[in-house]
K.L.:
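What follows is a structure written as structure tokens; I'll ask about it next.
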Number of protein chains: 2
Amino acid sequence: MDAQRKDIVRSADTTLAVLEAIAFAEEALGVTQIAQRLSLSKGAIFRHLQSLVDRGFVAQDPQTSRYRLGVKASLIGRLAPPENDLIAAAEGPMRDIRDRTAITTVLSAPTTSGALVLNTVIGYRTIEIGVRKGSELPFHASAQGKVMLAFGPPALMERTLRLGLPPLTPHTITDPDRLVSEVNLIRENGVATAPEEALLGINTLAVPVFDRDSRLAGAVALCGSIQYLPANPDDGLFAMVREMASRISRTLGYGTRAGN
Amino acid sequence: MDAQRKDIVRSADTTLAVLEAIAFAEEALGVTQIAQRLSLSKGAIFRHLQSLVDRGFVAQDPQTSRYRLGVKASLIGRLAPPENDLIAAAEGPMRDIRDRTAITTVLSAPTTSGALVLNTVIGYRTIEIGVRKGSELPFHASAQGKVMLAFGPPALMERTLRLGLPPLTPHTITDPDRLVSEVNLIRENGVATAPEEALLGINTLAVPVFDRDSRLAGAVALCGSIQYLPANPDDGLFAMVREMASRISRTLGYGTRAGN
DNA sequence: AAACGCTGTTCTCGGGAGGAGAACAAGACG
DNA sequence: CGTCTTGTTCTCCTCCCGAGAACAGCGTTT
């Protein structure tokens with residue numbers, strides 16, 4: 001736990017961390033695995049798991065005695081309508097552009113703490129470059145994040161600057177003024193790149209997606225090696241990504257209401 | 001809270017309770033509302049909400065400063081595959097039978113502590129009788145629950161008997177022996193009723209749904225006043241409900257594998 | 001305008017709850 | 001049978017969480 005905020009309930013946070021660990025793991029997890037991932041004792045994790053099982057958020061496989069997501073978790077997901085549309089609306093266009101570029105495509109939505117990865121379509125090169133679903137990319141060190149700073153609510157930028165800009169690589173933007181001017185540029189161009197700002201050798205190209213209320217719904221991005229995604233990609237790629245985003249926005253209803 | 005188990009993490013449980021409250025409420029909730037629903041202080045609820053917001057499970061509406069489900073909640077729901085199929089597979093047949101009988105139809109899935117209500121299709125009489133999504137019906141005092149005891153894993157029955165059979169109405173089965181024999185009867189007939197066992201004046205008629213592994217996936221039920229659902233409904237209704245359940249089971253893949 | 005009645009948010013403080021760590025139980029291997 | 005693992009239980013001590021009150025903003029009321 002890095003930036004230990006002190007106005008949250010500690011054990012509640014670990015319970016949610018356990019829930020996330022189970023949700024975003026591809027296979028069922030055991031007590032020990034979760035314990036060492038979260039750096040907590042087995043006993044503590046066990047009791048948190050009991051709480052989650054008790055409420056039906058996770059279930060224990062009677063055969064292997066490992067833990068997986070429970071019924072209530074999926075039920076709750078169905079009751080949060082807006083983002084489902086985003087994932088569904090983006091599915092097709094994302095596959096399309098992956099097929100045309102062979103580059104991994106990533107869909108994210110804004111959160112208070114970063115760009116949450118909702119869905120990915122892995123490129124079909126030999127070397128696969130992906131982003132873990134459910135992970136959060138920092139606002140200042142990812143193309144998706146900077147898009148959200150540019151087109152999302154101003155509070156995001158304030159919060160980001162207030163929390164500081166920790167460097168992930170030597171190329172990460174750490175100067176507040178530079179971040180602000182870069183975000184202004186992104187707002188003009190409608191597209192962001194983040195060459196080697198999150199991970200050396202990797203670049204990302206992101207554009208915003210808007211909903212029917214003309215508000216930022218998320219961002220779609222291409223993510224790949226700097227071999228295929230140089231710091232200044234050619235205009236054809238820009239156009240392609242912009243067109244994908246506007247297809248998704250239109251599916252969400254963007255432009256169907258009289259905007260101001 | 002009623003049956004305070006002592007092997008769970010208390011504050012984790014309240015966090016999950018807050019999450020559920022928000023998820024199963026039809027509109028966004030405020031701190032005060034949640035606090036009085038859960039009988040906790042505003043300050044405590046506020047901090048739990050901070051934890052949930054911090055992890056992206058809930059989000060605060062910037063306009064009204066009320067809380068609703070966040071992005072991560074819906075994302076997690078998408079990652080729990082099995083039950084989604086159940087809800088989707090049952091949707092059509094449930095509507096059909098509601099249209100033919102005008103009686104409320106309810107879909108539930110087994111949990112360690114009861115029959116979780118996944119979806120409902122409200123009947124179109126003047127007096128509406130529904131069941132709240134996300135609520136859990138006790139195993140011993142609902143038709144759905146008894147179906148699960150009959151066709152689900154034996155551990156359910158053990159646990160239910162161990163925890164005791166609290167009466168909800170004068171008609172609730174409270175004698176363990178009677179529950180066992182009734183469940184055996186249900187296992188033979190493939191259908192359960194629970195006249196006035198959960199609520200006076202209300203009866204329920206439930207049948208099991210099975211998945212491709214021939215294991216219990218859930219139960220569908222008709223739920224209505226004893227005027228339309230007498231203690232011994234006519235055979236036509238039984239046949240109709242059985243047929244609905246087998247349609248759902250077939251959609252789930254039941255019967256496509258060589259059973260034993 | 002001033003007083004009110006609501007919110008959501010912050011503060012302090014004391015008691016008990018939750019985490020560490022070790023011990024136990026129970027399979028899975030060889 | 002011994003030796004690894006697991007998951008589960010136990011005890012103890014610290015510090016975290018909850019109650020309750022105070023604070024800060026809003027609308028509405030008189």
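Labels below follow one simple rule: chain letters A, B, ... track the order of the sequence lines, proteins then strands, and each chain is numbered from 1. Just so it is clear, the values below take in all heavy atoms, side chains as well, and ignore hydrogens, waters and symmetry mates. What you see is a predicted model, and the numbers here were worked out from it, not measured in a lab.
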K.L.:
For B:Leu38 and B:Thr14, what are the C-alpha separation, side-chain angles and deciding distance, and is it a side chain to side chain contact (heavy atoms under 4.5 Å, CB included)?
P.N.:
CA-CA 8 Å; B:Leu38 302 184; B:Thr14 65; 5.6 Å; no
K.L.:
What integer distance in Å separates B:Gln50:CD from C:dC11:P?
P.N.:
13 Å
K.L.:
Quick one: is B:Ser11 getting a side-chain N or O under 4.0 Å of the C:dG18 phosphate, OP1 or OP2?
P.N.:
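B:Ser11 to C:dG18 OP1/OP2: side-chain N or O found under 4.0 Å.
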K.L.:
With a 4.0 Å cut-off on N to O distance, would you call B:Arg55 and A:Glu136 a salt bridge?
P.N.:
no
K.L.:
Which residues pass the ring pair (Phe, Tyr, Trp, His ring centres under 6.0 Å) test with A:Phe151, sequence neighbours left out?
P.N.:
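Counting only residues at least two positions away or on another chain, A:Phe151 forms a ring pair (Phe, Tyr, Trp, His ring centres under 6.0 Å) with A:Phe210.
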K.L.:
Without decimals, in angstroms, what is the distance between A:Asp13 CG and C:dG19 P?
P.N.:
11 Å
K.L.:
Tell me whether the OP1 or OP2 atom of C:dT7 has a side-chain N or O from B:Tyr67 closer than 4.0 Å.
P.N.:
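No, because none of the side-chain N or O atoms of B:Tyr67 sits under 4.0 Å from OP1 or OP2 of C:dT7.
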K.L.:
Under 4.0 Å, heavy atoms only, any strand: does B:Gly43 hit a base, just the sugar-phosphate, or nothing?
P.N.:
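Answer is base: heavy atoms of B:Gly43 come under 4.0 Å of a base.
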K.L.:
May I ask you to say what B:Gln60 touches in the nucleic acid, namely base, sugar-phosphate or nothing, with a heavy-atom cut-off under 4.0 Å?
P.N.:
sugar-phosphate
K.L.:
Whole-Å distance between C:dG19 C1' and A:Gln36 CD?
P.N.:
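Taking atom C1' of C:dG19 as the reference, CD of A:Gln36 is at 18 Å.
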K.L.:
Once you build an axis from the first five pairs and another from the last five of the helix from C:dA1-D:dT30 to C:dA28-D:dT3, how far apart in angle are they, to 10 degrees?
P.N.:
30°
K.L.:
Please state whether the phosphate of C:dT7, meaning OP1 or OP2, lies under 4.0 angstrom from any side-chain nitrogen or oxygen of B:Ser65.
P.N.:
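B:Ser65 to C:dT7 OP1/OP2: no side-chain N or O under 4.0 Å.
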K.L.:
Starting at CZ of A:Phe46 and ending at C1' of C:dA20, how long is that distance when rounded to a whole Å?
P.N.:
16 Å
K.L.:
Distance only, no hydrogens: is a donor on one side chain within 3.5 Å (strictly under) of an acceptor on the other, for A:His48 and A:Ser11?
P.N.:
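Note: A:His48 and A:Ser11 side chains miss the donor-acceptor criterion.
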K.L.:
In whole angstrom, what separates A:Ile22's CD1 from D:dG7's P?
P.N.:
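Nearest whole value for this atom pair: 11 Å.
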K.L.:
Check this for me: does the side-chain of A:Lys42 come within 3.5 Å of the base of C:dG21 through a donor and an acceptor?
P.N.:
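It does not, because no donor-acceptor pair links the side chain of A:Lys42 to the base of C:dG21 below 3.5 Å.
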K.L.:
Roughly, in whole Å, what's the span from CD in B:Gln63 to P in D:dC26?
P.N.:
13 Å
K.L.:
Flag the pair B:Glu27 and B:Arg66 as a salt bridge only when some basic side-chain nitrogen lies within less than 4.0 angstrom of an acidic carboxylate oxygen.
P.N.:
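Salt bridge flag = no for B:Arg66 with B:Glu27.
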K.L.:
Name the closest nucleotide to the B:Arg10 side chain, picking from C:dG8, C:dG18, D:dA19.
P.N.:
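Looking only at side-chain atoms, B:Arg10 lies closest to C:dG18.
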K.L.:
OP1 or OP2 of D:dC17 less than 4.0 angstrom from a side-chain nitrogen or oxygen of B:His48, does that happen here?
P.N.:
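So the side chain of B:His48 is outside the cut-off, no N or O lying under 4.0 Å from OP1 or OP2 of D:dC17.
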K.L.:
Testing the 3.5 Å rule here: is there a donor-acceptor pair between the side chains of B:Glu197 and B:Thr172?
P.N.:
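No pair is found: no donor N or O on one side chain lies under 3.5 Å from an acceptor on the other.
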K.L.:
Starting from P on C:dT7, measure out to CD1 on B:Ile45 and report it in whole angstrom.
P.N.:
14 Å
K.L.:
Does this structure show an ion pair linking A:Glu20 with A:Arg37, if we count only N-O contacts that are shorter than 4.0 Å?
P.N.:
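No.
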K.L.:
Starting at CZ of A:Arg66 and ending at P of C:dA28, how long is that distance when rounded to a whole Å?
P.N.:
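My rounded result for the distance is 12 Å.
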K.L.:
Between the base of C:dG19 and the side chain of A:Arg47, is there any donor-acceptor pair under 3.5 Å?
P.N.:
yes
